[in-house]
Amino acid sequence: NAKMRLKAEVEKRKNNTSKIRATADLAKSRLVAQGCQEDTRHIRGDSPTAPLPRFHLVCSVSALMRWVIGSADGVTAYLQANGIDRLLILACPNPPPPGCKLDDLFVANRSIYGTKDAGGAWWKWLRECLLKSGFVESDFGRCLFLLFDSGILACILDSHVDDLFYVADRDNATFKKSFAIFVTLIDLTNHDMDVSFLARRIWQDDSFNIHISQVESAANIGEHNPLR
């Protein structure tokens, strides 16, 4: 598996050793459908994403209000979305997974990475969960959500597929209640103060100034795709 070998090479360089092999515990698995084999002419495939000005707006609010930044990632995000509304039959991969036979067929009942409408289905589910939690969608963009407490801003959240970047008044009771509801609806991993969002490392100093770096991402690009 090429991905396993590549990850093993990265681990070797990070740990300065030549003894790490491409073993299964270094691999990352993902359920992927070959959406290119489906006739998608009748399927809507767009989904909103976060442009740079909205990311800058969240950073500005954090610095002005002296609010702690936070990020969250949807765990197996597409599989959390609502079920699909069409019949999608998948063939068994070769070699078949444990407990399956090569001639087995599977009926998909959730959005699967690789299908044309998976991103849009996830965004609809994310939006629904945020609205149920008390957020409102901003007029500034379809991926920007705001939470108010008696007309006063308590949280601003930017979303890009399954990556979320937000700042909030962490002591505000409305934010605590709304975010508690939100995390019961969607399975997330959360990070504070020193976070990652769209290949950017973002952190705050003691004065709540925002610092942004993409050094690690740039290094990885140069390491695996050297410019000649």
Side-chain angles (χ1 to χ4, degrees), residues 28 47-82 111 118-218 220:
K28 177 181 179 180
S47 61
T49 53
L52 193 59
R54 276 173 253 172
F55 167 74
H56 288 162
L57 175 61
V58 177
C59 291
S60 298
V61 171
S62 174
L64 288 169
M65 304 297 290
R66 301 176 70 85
W67 286 351
V68 174
I69 59 175
S71 71
D73 306 304
V75 179
T76 58
Y78 290 175
L79 297 178
Q80 294 189 55
N82 289 322
S111 298
W122 159 255
W123 181 81
K124 289 177 182 177
W125 173 241
L126 173 66
R127 179 180 181 274
E128 180 181 330
C129 292
L130 284 165
L131 295 181
K132 284 182 178 178
S133 305
F135 285 79
V136 295
E137 194 172 6
S138 172
D139 292 336
F140 189 41
R142 302 196 68 189
C143 291
L144 190 68
F145 295 87
L146 308 172
L147 179 68
F148 293 96
D149 179 10
S150 300
I152 298 175
L153 183 67
C155 177
I156 179 170
L157 181 147
D158 193 20
S159 66
H160 187 97
V161 193
D162 60 344
D163 292 325
L164 311 179
F165 179 59
Y166 65 94
V167 297
D169 180 357
R170 303 298 182 99
D171 296 325
N172 182 276
T174 297
F175 168 73
K176 290 181 180 180
K177 179 181 178 180
S178 295
F179 209 75
I181 295 172
F182 179 56
V183 297
T184 63
L185 299 173
I186 289 187
D187 188 9
L188 298 170
T189 58
N190 285 288
H191 311 277
D192 292 328
M193 292 296 290
D194 191 337
V195 307
S196 177
F197 181 67
L198 302 183
R200 305 180 185 96
R201 183 192 165 209
I202 312 154
W203 71 99
Q204 291 173 295
D205 58 30
D206 294 338
S207 298
F208 291 88
N209 297 309
I210 300 289
H211 302 268
I212 302 171
S213 171
Q214 289 187 278
V215 172
E216 294 176 359
S217 299
N220 288 334

Item to complete: Give a yes or no answer on whether the side chain of S159 reaches the backbone of C143 with a donor-acceptor pair at less than 3.5 Å.
Response: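 Yes, the answer is positive, given that a donor and an acceptor are paired below the 3.5 Å cut-off.
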Practice prompt. Take F208 and V68 through the side chain to side chain contact (heavy atoms under 4.5 Å, CB included) test and state the conclusion after the steps.
Written response: CA-CA 7 Å; F208 291 88; V68 174; 4.1 Å; yes
Worksheet item: Taking the six-membered ring of F55 as reference, does the NZ or CZ atom of R200 fall below 6.0 Å from its centre and within a 45° cone about the axis?
Response: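 Judged by the rule (NZ or CZ under 6.0 Å from the ring centre, within 45° of its axis), R200 counts as positioned above F55.
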Discussion item. On a heavy-atom basis, which atom in N82 and which in S111 lie closest, and how many Å separate them?
Written reply: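 Heavy atoms of N82 and S111 come nearest at O-OG, 3.9 Å.
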Fill in: Least distance between heavy atoms, F197 atom then I202 atom
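Taking every non-hydrogen atom into account, CB-CD1, 3.8 Å.
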Item to complete: Could you check H160 against F165 for side chain to side chain contact (heavy atoms under 4.5 Å, CB included), going step by step and ending with a plain yes or no?
Response: CA-CA 9 Å; H160 187 97; F165 179 59; over 6 Å; no
Worksheet entry | Partners meeting ring-ring contact (aromatic ring centres under 6.0 Å, His included) with F145 (sequence neighbours left out) |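 Counting only residues at least two positions away or on another chain, F145 forms no ring-ring contact (aromatic ring centres under 6.0 Å, His included).
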Item to complete: Inspect the surroundings of CG in L52 and state if more than 12 heavy atoms from other residues, nucleotides or ligands are less than 6.0 Å away.
Response: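 More than 12 heavy atoms, drawn from other residues, nucleotides or ligands, come within 6.0 Å of this atom.
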Discussion item. Any heavy-atom pair between the side chains of F175 and R170 that's under 4.5 Å?
Written reply: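 They are in side-chain contact.
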Worksheet item: For residues 53-63, which residue pairs qualify under side-chain hydrogen bond (donor to acceptor under 3.5 Å, both in side chains), counting only residues two or more places apart or in two chains?
Response: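 The answer is S62-Q204.
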Discussion item. Consider side-chain contact (heavy atoms from CB on, under 4.5 Å). Of L147, V167, N172, which one does C155 pass it with?
Written reply: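 Running side-chain contact (heavy atoms from CB on, under 4.5 Å) over L147, V167, N172 with C155 returns exactly one hit, L147.
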Spacing of [X] atom [atom1] and [Y] atom [atom2] [to the nearest 0.5 Å]:
X    : Y    : atom1 : atom2 : answer
L157 : S71  : CG    : OG    : 10.5 Å
L164 : T189 : CG    : OG1   : 9.0 Å
T174 : I152 : OG1   : CD1   : 10.0 Å

Discussion item. My understanding is that only residues two or more places apart in sequence, or in another chain, count here; which of them pass salt bridge (charged side-chain N to carboxylate O under 4.0 Å, His left out) with R66?
Written reply: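 Scan of R66 (salt bridge (charged side-chain N to carboxylate O under 4.0 Å, His left out), adjacent residues dropped) gives none.
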Sequence neighbours left out, cut at 3.5 Å: what donor-acceptor pairs do the side chains of residues 121-136 make with other protein atoms?
| unit_1 | atom_1 | unit_2 | atom_2 | d |
| --- | --- | --- | --- | --- |
| W122 | NE1 | V161 | O | 2.7 |
| W125 | NE1 | Q80 | O | 3.3 |
| R127 | NE | E137 | OE1 | 2.8 |
| R127 | NH2 | E137 | OE1 | 3.1 |
| E128 | OE2 | K132 | NZ | 3.1 |
| S133 | OG | C129 | O | 2.8 |
| S133 | OG | F182 | N | 3.3 |

Worksheet item: What residues, two or more places apart in sequence or in another chain, satisfy side-chain hydrogen bond (donor to acceptor under 3.5 Å, both in side chains) together with S47?
Response: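 S47 satisfies side-chain hydrogen bond (donor to acceptor under 3.5 Å, both in side chains) with no other residue.
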Item to complete: Sorted by first residue and then second, give each salt bridge (charged side-chain N to carboxylate O under 4.0 Å, His left out) pair with at least one member in residues 143-163; sequence neighbours left out.
Response: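 Matches after skipping sequence neighbours: none remain.
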